[in-house]
Amino acid sequence: MNIETELADLVGEIPDGMSEGVALGTGIADGYDLYDSPVGEVVIIFNPEGVSSVDLADGGFKARFAQRFGRQLLRAEAPSAWRKHIEPAIDAGTPGRLPVDLRAVTEFQAGILKVAASIPKGQVRSYSWLAHQANRPKAVRAVGSTMAANPVPLIIPCHRVVRSDGHIGAYSLGGAQNKWDLLEHEGADPHRLEDLAGNRIRVQGNSSSGIFCYPTCRAIRRSKPTNVVSFRSVETAEQEGYRACELCLPCC
Amino acid sequence: MDELTRALSTDLEAAFPDLVTAMGARLFWGLRGMCRDHQEAEDLTQETFIRAYKALDGYDRERVRELQLSPWIWTIALNLGRNHIRNRARRPSFVALRDEAVDDPELPDSAAWDRRFAVLNGHQKTAVVLRHVVGLGIAEISQAAGRPEGTVKADIHRGLERLRRTMEQET
């Protein structure tokens, strides 16, 4: 056999997984992998921009992803550069060093979601608080629909955002029970939150320090129970001479 | 290829997988011949396609339609190959998970050819592989490698001579 023919025979099959790797690397398809979470197994969906979606690992996530994002979905390992940040982000309930792809939402919504990501674990804030922090105090409804549209629940902790009347409210990732379970898991005591909301208590002050907080703020939860005073509004607390806490920034 | 460039110019996302199907095997095995390492060749192939996609995404339709796809892809691949060591550490690579592990499908003669190619210098190896493994024409190789056609011809000629002598010594 001549050498040219032998050289021409050095072409075999395309390596297994190449087409998928290219589809993932270009962003034509997103990849997904399974992770444990306090609400059971979830799928973490990602592309070169970061984590694009978090959903329950049930039979319907592929259809839901196709419907919303219109891209293919392939089982894959997350990029090695940030794979190690996924579990910490789920544990902490905030992205930390994990890149998140928020191209599926508007710029306004992305801004709201970034504020939501700053709510500490085990604490809750209301839709109106988020609207205030985003400098759009009247956009309370838009904040509500932003939470419903959060593509990356658990990692951007919309479960820590409750109704403006203090009730725990709805949750996009599998329903309200999951929100309740997540808050309980984080030590936010959903029973207590519902009791406070039922009694229309919005903020609580420490009579010794003269500072008032949201009821889940670290500062007020560390106060001596006999020093805790409850208020139905920020205005009432201020009228009583209390100052707003600089950790939880109670504003409404 | 005309049909492919037309498809790429109208719907890049839909047509790109066809480009991978059309060129993936020869791109991979060409790179495999040059770099002697299966995993490195896979990484380079994947990264070449990803770079190609990003580039096409930025081109206007006219430019895409007029592309000579094979030499263009190989220009990207050869550039990447030169910079590969530097790029390797910071590049996120995507690995699709399979149901079961698959061994790298090496060809029966791969090891023998790795030894033979080792006697060639870099330019000769590139020229011989692109001409006789991948099947590019002289003008295409000249374009991809950025070397004059006469030089490419000489590289191929001398490369094949050295390969023949090496193979004669084997027997």
Side-chain angles (χ1 to χ4, degrees), chain A residues 1-35 43-52 57 66 69-86 97-99 101 103, chain B residues 12-14 16-17 19-21 23-30 32-33 38-39 41-43 45-54 56-57 89-99 102-110 112-113 116 128-129 131-135 160-161 163-164 167:
Chain A
M1 192 151 60
N2 75 30
I3 190 166
E4 286 89 344
T5 324
E6 283 198 47
L7 286 167
D9 282 345
L10 289 180
V11 176
E13 298 282 308
I14 187 167
D16 203 40
M18 176 60 67
S19 309
E20 291 86 348
V22 170
L24 293 164
T26 53
I28 291 174
D30 285 39
Y32 73 91
D33 203 359
L34 303 170
Y35 285 85
V43 278
I44 300 293
I45 300 174
F46 48 81
N47 61 48
E49 300 291 316
V51 173
S52 56
F69 295 87
R71 293 192 296 266
Q72 297 171 56
L73 209 47
L74 299 168
R75 181 83 196 265
E77 279 181 353
S80 51
W82 41 260
R83 191 183 308 148
K84 59 182 175 291
H85 301 312
I86 292 177
R97 301 182 66 187
L98 184 67
D101 171 19
R103 289 173 300 171
Chain B
L12 177 63
E13 201 176 311
F16 198 77
L19 174 75
V20 177
T21 308
M23 305 190 64
R26 289 195 299 164
L27 181 60
F28 168 77
W29 287 103
R32 170 66 189 79
H38 194 100
Q39 190 56 49
E42 274 198 33
D43 287 354
T45 305
Q46 180 172 325
E47 189 60 15
T48 298
F49 280 126
I50 292 167
R51 298 281 176 105
Y53 183 86
K54 284 182 188 155
L56 289 170
D57 201 27
R90 60 178 166 79
R91 180 173 54 78
S93 88
F94 280 84
V95 184
L97 292 175
R98 304 146 197 185
D99 290 338
V102 186
D103 284 339
D104 292 339
E106 286 285 273
L107 296 173
D109 289 348
S110 286
W113 280 101
R116 292 165 194 157
V128 167
V129 168
R131 180 72 196 95
H132 291 293
V133 180
V134 180
L160 286 179
E161 274 311 306
L163 284 176
R164 268 192 205 100
M167 289 168 77

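Sequence lines set the chain letters: A, B, ... in the order given, protein chains first and strands last, and positions in each chain run from 1. Predicted model, so just to flag it, every value in this text is computed and none were measured.
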Options B:V133, B:V134, B:L107, B:V128, ranked by heavy-atom pairs under 4.5 Å with chain A, top entry |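 Of the candidates given, the most pairs with chain A belong to B:V133.
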Test side-chain hydrogen bond (donor to acceptor under 3.5 Å, both in side chains) applied to B:R116 - qualifying residues, sequence neighbours left out =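 With sequence neighbours excluded, B:R116 shows a side-chain hydrogen bond (donor to acceptor under 3.5 Å, both in side chains) to B:E170, given in chain and number order.
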Counting only heavy atoms not in A:E13, do more than 12 fall under 6.0 Å of its CD?
->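 Result for CD/A:E13: open.
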Please assess A:E6 against A:N2 for the test side chain to side chain donor-acceptor pair (under 3.5 Å), listing each intermediate value before the final yes or no.
-> CA-CA 7 Å; A:E6 283 198 47; A:N2 75 30; over 6 Å; no
Go through the atoms of B:F49 and report whether side chain, backbone, both or neither lie under 4.5 Å from a heavy atom of chain A.
->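 When you check distances to chain A, atoms from both the backbone and side chain of B:F49 fall under 4.5 Å.
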Would you say the side chain of B:F16 lies within less than 4.5 Å of the side chain of A:T26, judging by non-hydrogen atoms?
->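 In contact.
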With a 4.5 angstrom heavy-atom cut-off, which part of A:A8 approaches chain B: side chain, backbone, both or neither?
->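 Both backbone and side chain of A:A8 come within 4.5 Å of chain B.
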Which bit of A:I28 is near chain B, if near means a heavy-atom gap under 4.5 Å: side chain, backbone, both or neither?
->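 Backbone plus side chain of A:I28, per the 4.5 Å heavy-atom cut-off to chain B.
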